Amino acid sequence: MVKRLLLITSALAMSSAAYAQNITGDRNDASDDEDVIIVTGQLSDFGALKSATPIVETARSVTIETEEQFRDKGALTLDDVLNYVPGVIGDTFGFATRGDFPQVRGFDAAEYRDGQQVLFGFYNNTRSDVYVLEQVEILKGPASVLYGKGTPGGIVNAVSKLAGPDKQSEVVFDVGTFDRYQTATDLNAQVADNLFVRFVGLYRESDTQINFVQDDAIIAMPSITYDDGQTRLTAMLEYVDRDSDTAQQFLPLTGTGCASGDVTITPAAVCVNSSGDKVELDTYLGDPGFNRYDTNSTLVSLLASHSFTGNFSIDGIFRYKDADVDYRQSYIDFLGAVGPPRVDANGDGGRTFFRSNAFSKQAAFDLRARWAFNTGPIEHELFGGVAYQNVKTGNEVIFLSDPATRSFGAINIYNPVYGNVPPALFDDASFFDVGDTKTDDYGLYLNNQMSIGDLKLNFGLRYDDSKTESESSIQKDDALSFSVGALYAFDGGISPYVSFAESFEPVIGTDGLTADPLKPREGKQWEVGVKYQPPGTQTYITFAYFDIEESNLPNPSSLINQPDSQQEGVGAVKGFEMQAQTTLGDWYLELNGSILDTETADGVPFASIPEEQASAWVQYQPVAGALEGFKAGFGLRYVGDNESNGTGAVGPVRVVTDGNILGDFLLGYETEGWDVTFNVRNITNEKYFATCLARGDCFVGEERTAVVRVGYKF
């Protein structure tokens, strides 16, 4: 496994280095600098670890992508930001407009904002925009000891741009492919002693690679901060209005996978109805007179900290969020791999119409106290806290589907004709209210980071109590989560470590055999690795091996005829990750890679999760001389094959989607006041599928995007 990963990443590194010609040319020796800049970024008290402990001293895998890094790589969405993070898939389901759907170590990863969860449920929230983010942090592995319920893969924490000292202002204009026009501003000022204000906002009009699908947005995010060195208090308001449609058109295997050499389908009988024609990847199978995905949200955050002494402080965050979504979609009845064929040989299929008015409301706080003290030779950094979260979600829907008789008309996947939307979809009296769901989560936690010379130890413990209440049921769950880690920092910069962590995730429902509430899914991870940061350099290298087991999953298919209990299933992920970043004079080089071995309770790989992944980025940016201000970068992203398995009318179905290699490019020039950049992602405009599912549909990957950005800083 390790040998194969090294071969993949080495190949990408050599390709990138070849583009940059001679990376070993004239360099400034970083060891001559008194103040070395750590290329990994800096965690804050409201970061993914709830602690400012340096990553190199933490017995966990944490990756930080700073705004400068993901801007240089041309990221337009949070999905894009994650493309260069090992073990993480941002665009699992291809080019998306409804949201970001990252997978960390094979599992869904919850999205957090400034240390608190920000998205709940499905399609009832607004998407975060990367322009308002200062950095993105990825904590890998179970995180319940810090955050309560969640999957064992990890979390993605986005850090907001907030008011404070030494912030620079800018105005930025973007023009790009698919008629993208965006203007954004980041204004900072000190209005009094210790008082700072900031306004971050943008306006965007943009089409996308999918016909009729736009990506328009208005965002306003003011904040104000009082900071006297002892007390820091920040209030932030974010208003987001996004108008769009869904980029995912659920293109059926009949005209995509069955007609493409990029997808392998077993058995071939699944494709007997294929005409051999191929659907254009920008095909829109909705209805422009009906479809939309419009979101609005208001988020209010209050972040506070106070130091009573040099060794004792308190901090906390309070959050309120209100989001609404108007979601309307018409899509083709694609099912055919795991059920009766619904798209005939001519490419005609029935239509399903879905309309949803959904909302989510969140009120939450997380308060903690920190105490630094010594007990003999042991140095302690202890923090403990209490967290509470109240989330209410609701939805009313209209669902019209008749795939058998096609009473709502048919649509052709090769030559779609729109119109004839059923009038009932525009009649609010047709809504069915699915009812509101209210969740209350309480958590108490304690974490101790200890140092005994060069030995770093960490112990964490958290108790959570969760109650989910709907109109028909009330379910209560509780869990005690534990983590432990040890790291030894040798003088030469090598730091081997080992850690163990747990997770839990409530499953709402009743066991069919015992009539008891279903038990939460439980995750456990062992991780061993080494971190290497040579003293006096700007180099950081990590290697990690991890073993995750998740239990209390639904029954394996082999037990389908057994008693109607639902939680004998166990899934597992084993993997290896490596990450290397270095700055050598005017050159920055980044190399990442991962291999995942996943297995569901049914003994097949996780759906849509590639086994292999690697990326490399090299950037040249002189800090002095005639070319000072010039910058050029090139990156390669490799994602291996992924597969999806199911059982249908023809028996077991296996769909394998080919992997891809994509290139990204940066060219720019920066002065003290001006910053002009030209970014291209997927520079060769590869046409590919991110994944195809055994249920019968495919998801299109992101096509080439080119954006010219002109910014003025002051």
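In this text, all values refer to a predicted model and were calculated from it rather than measured experimentally. Numbering of residues begins at 1 and proceeds along the displayed sequence.
Contact of the Arg60 side chain with the Asn458 side chain is not registered, since no non-hydrogen atoms from C-beta on lie closer than 4.5 Å. Between Ile317 and Leu302, the closest side-chain pair of non-hydrogen atoms is not below 4.5 Å. At a threshold of 4.5 Å between non-hydrogen side-chain atoms, the residues Gln389 and Gln362 count as touching. No side-chain heavy atom of Asp597 sits less than 4.5 Å from a side-chain heavy atom of Glu611. Between Phe373 and Asn311, the closest side-chain pair of non-hydrogen atoms is not below 4.5 Å. Contact annotation: the side chain of Lys167 never approaches that of Phe196 to less than 4.5 Å [non-hydrogen atoms, C-beta and beyond]. The shortest side-chain heavy-atom distance between Asp80 and Phe70 does not fall under the 4.5 Å cut-off. With contacts defined as side-chain heavy-atom distances shorter than 4.5 Å, the pair Tyr388/Asn390 qualifies.
Between Asp227 and Arg232 there is no salt bridge, since no side-chain N of the basic residue sits under 4.0 Å from a carboxylate O of the acidic one. With salt bridges taken as basic N to acidic carboxylate O contacts below 4.0 Å, one links Asp100 and Arg127. The pair Lys73-Glu65 meets the salt-bridge criterion, since a charged nitrogen lies less than 4.0 angstrom from a carboxylate oxygen.
Dense packing is recorded around CD of Gln230, with more than 12 heavy atoms of other residues, nucleotides or ligands lying under 6.0 Å away. More than 12 heavy atoms of other residues, nucleotides or ligands lie within 6.0 Å of CG in Asn374, so this atom counts as buried by the packing criterion. Atom CZ of Phe122 has 12 or fewer neighbouring heavy atoms from other residues, nucleotides or ligands inside a 6.0 Å radius.
Ring-plane geometry between Phe107 and Phe606 is classed as perpendicular, the angle between the planes exceeding 60 degrees on a 0 to 90 degree scale with a lower cut at 30. Under the 30°/60° scheme for interplanar angles, the aromatic rings of Tyr445 and Phe383 are found to stand perpendicular. Classified by interplanar angle (parallel below 30°, tilted 30° to 60°, perpendicular above 60°), the ring pair Tyr84/Trp617 is perpendicular. The aromatic rings of Phe308 and His306 sit perpendicular, their planes meeting at an angle over 60°, well past the 30° parallel limit.
Side chain to side chain, Arg198 and Asn188 meet the donor-acceptor criterion of an N or O pair below 3.5 Å. One side chain, Gln581 or Tyr588, offers a donor N or O that lies under 3.5 Å from an acceptor on the other. For the residue pair Gln135 / Glu137, a side-chain donor-acceptor distance below 3.5 Å is found, with atom types taken as modelled. No donor-acceptor contact under 3.5 angstrom links the side chains of Tyr540 and Gln579, judged on distance only. Remark: the Asp108 side chain and the Gln103 side chain contain an N/O donor-acceptor pair separated by less than 3.5 Å. With hydrogens and angles left out, the side-chain atoms of Asn592 and Ser615 include a donor and acceptor closer than 3.5 Å. One side chain, Ser301 or Arg319, offers a donor N or O that lies under 3.5 Å from an acceptor on the other.
The shortest heavy-atom contact between Ser160 and Glu134 is O-CB, 4.0 Å. Heavy-atom minimum distance, Phe546 versus Phe576: CE2-N, 4.1 Å. Nearest heavy-atom pair, Asp79 versus Ala96, reported as atom, atom and distance to 0.1 Å: OD2-CB, 4.4 Å. In terms of heavy atoms, Val104 sits closest to Gly153 at CG1-O, 3.1 Å. In terms of heavy atoms, Gly150 sits closest to Ser503 at O-CB, 3.8 Å. Minimum heavy-atom separation, Pro610 to Ser608: CD-O, 3.5 Å.
Taken from CG in Asn448 to CH2 in Trp371, the straight-line distance is 10.5 Å, to the nearest 0.5 Å. For the atom pair CZ (Phe359) and OG1 (Thr295), the distance works out to 16.0 Å, reported to the nearest 0.5 Å. The distance from atom CG of Asp129 to atom CG of Leu76, rounded to the nearest 0.5 Å, is 9.0 Å. Going from atom CD of Glu527 over to atom OG of Ser499 covers 4.5 Å, rounded to the nearest 0.5 Å. Once rounded to the nearest 0.5 Å, the distance linking CD of Glu612 with CG of Leu596 reads 10.0 Å. Note that OG of Ser483 is 14.0 Å distant from NZ of Lys524, once rounded to the nearest 0.5 Å.
For Gln613 (side chain) and Val88 (main-chain N/O), a donor-acceptor pair under 3.5 Å exists by modelled atom type. In this structure a side-chain-to-backbone donor-acceptor pair under 3.5 Å is missing from Thr234 to Thr225. Proximity of a side-chain donor or acceptor of Lys140 to a complementary backbone N or O of Pro86 within less than 3.5 Å is detected. When atom types are taken as modelled, the side chain of Gln117 and the backbone of Leu119 share a donor-acceptor pair closer than 3.5 angstrom. For the pair Tyr147 (side chain) and Ala48 (backbone), a donor-acceptor distance under 3.5 Å is present. Side-chain atoms of Glu502 come within 3.5 Å of backbone N or O of Phe482 as a donor-acceptor pair. At least one donor-acceptor pair closer than 3.5 Å links the side chain of Thr92 to the backbone N or O of Phe101. At least one donor-acceptor pair under 3.5 Å links the side chain of Gln475 to the backbone N or O of Val507. A side-chain donor-acceptor contact under 3.5 Å links Ser360 to the backbone of Asn124. Side chain of Lys321 to backbone of Val118: a donor-acceptor contact under 3.5 angstrom is found.
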When you look at Phe543 and Ile541, which way does the side-chain contact (heavy atoms from CB on, under 4.5 Å) test go after all the steps? CA-CA 7 Å; Phe543 295 90; Ile541 303 172; 3.6 Å; yes
Could you check Leu553 against Arg521 for side-chain contact (heavy atoms from CB on, under 4.5 Å), going step by step and ending with a plain yes or no? CA-CA 6 Å; Leu553 301 179; Arg521 295 183 176 184; 3.5 Å; yes
Give the intermediate values and the outcome of side-chain contact (heavy atoms from CB on, under 4.5 Å) for residues Val159 and Asp114. CA-CA 5 Å; Val159 180; Asp114 303 317; 4.0 Å; yes
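Aromatic ring centroids of Phe490 and Tyr488 lie under 6.0 Å apart. The ring of Trp526 has its center closer than 6.0 angstrom to the ring center of Phe500.
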Which atom pairs, donor and acceptor, lie under 3.5 Å between side-chain atoms of residues 49-57 and protein residues at least two apart or in another chain?
residue : atom : partner : partner atom : Å
Lys50   : NZ   : Leu146  : O            : 2.5
Lys50   : NZ   : Asp366  : OD2          : 2.8
Ser51   : OG   : Thr53   : N            : 3.1
Ser51   : OG   : Thr53   : OG1          : 2.8

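With Thr439 as the partner, the side-chain contact (heavy atoms from CB on, under 4.5 Å) test is satisfied by one option alone out of Ser470, Ser466, Pro506: Ser466.
Stacking of Lys519 on the aromatic ring of Phe504 is not recorded, the 6.0 Å distance cut-off and the 45° axial limit not both being met.
Here Ala607 pairs with Ser644 under the side-chain contact (heavy atoms from CB on, under 4.5 Å) rule; sequence neighbours left out.
Residue pairs satisfying the salt bridge (charged side-chain N to carboxylate O under 4.0 Å, His left out) criterion with at least one member in residues 439-462, sequence neighbours excluded, are listed as follows: Lys149-Asp441, Arg462-Asp464.
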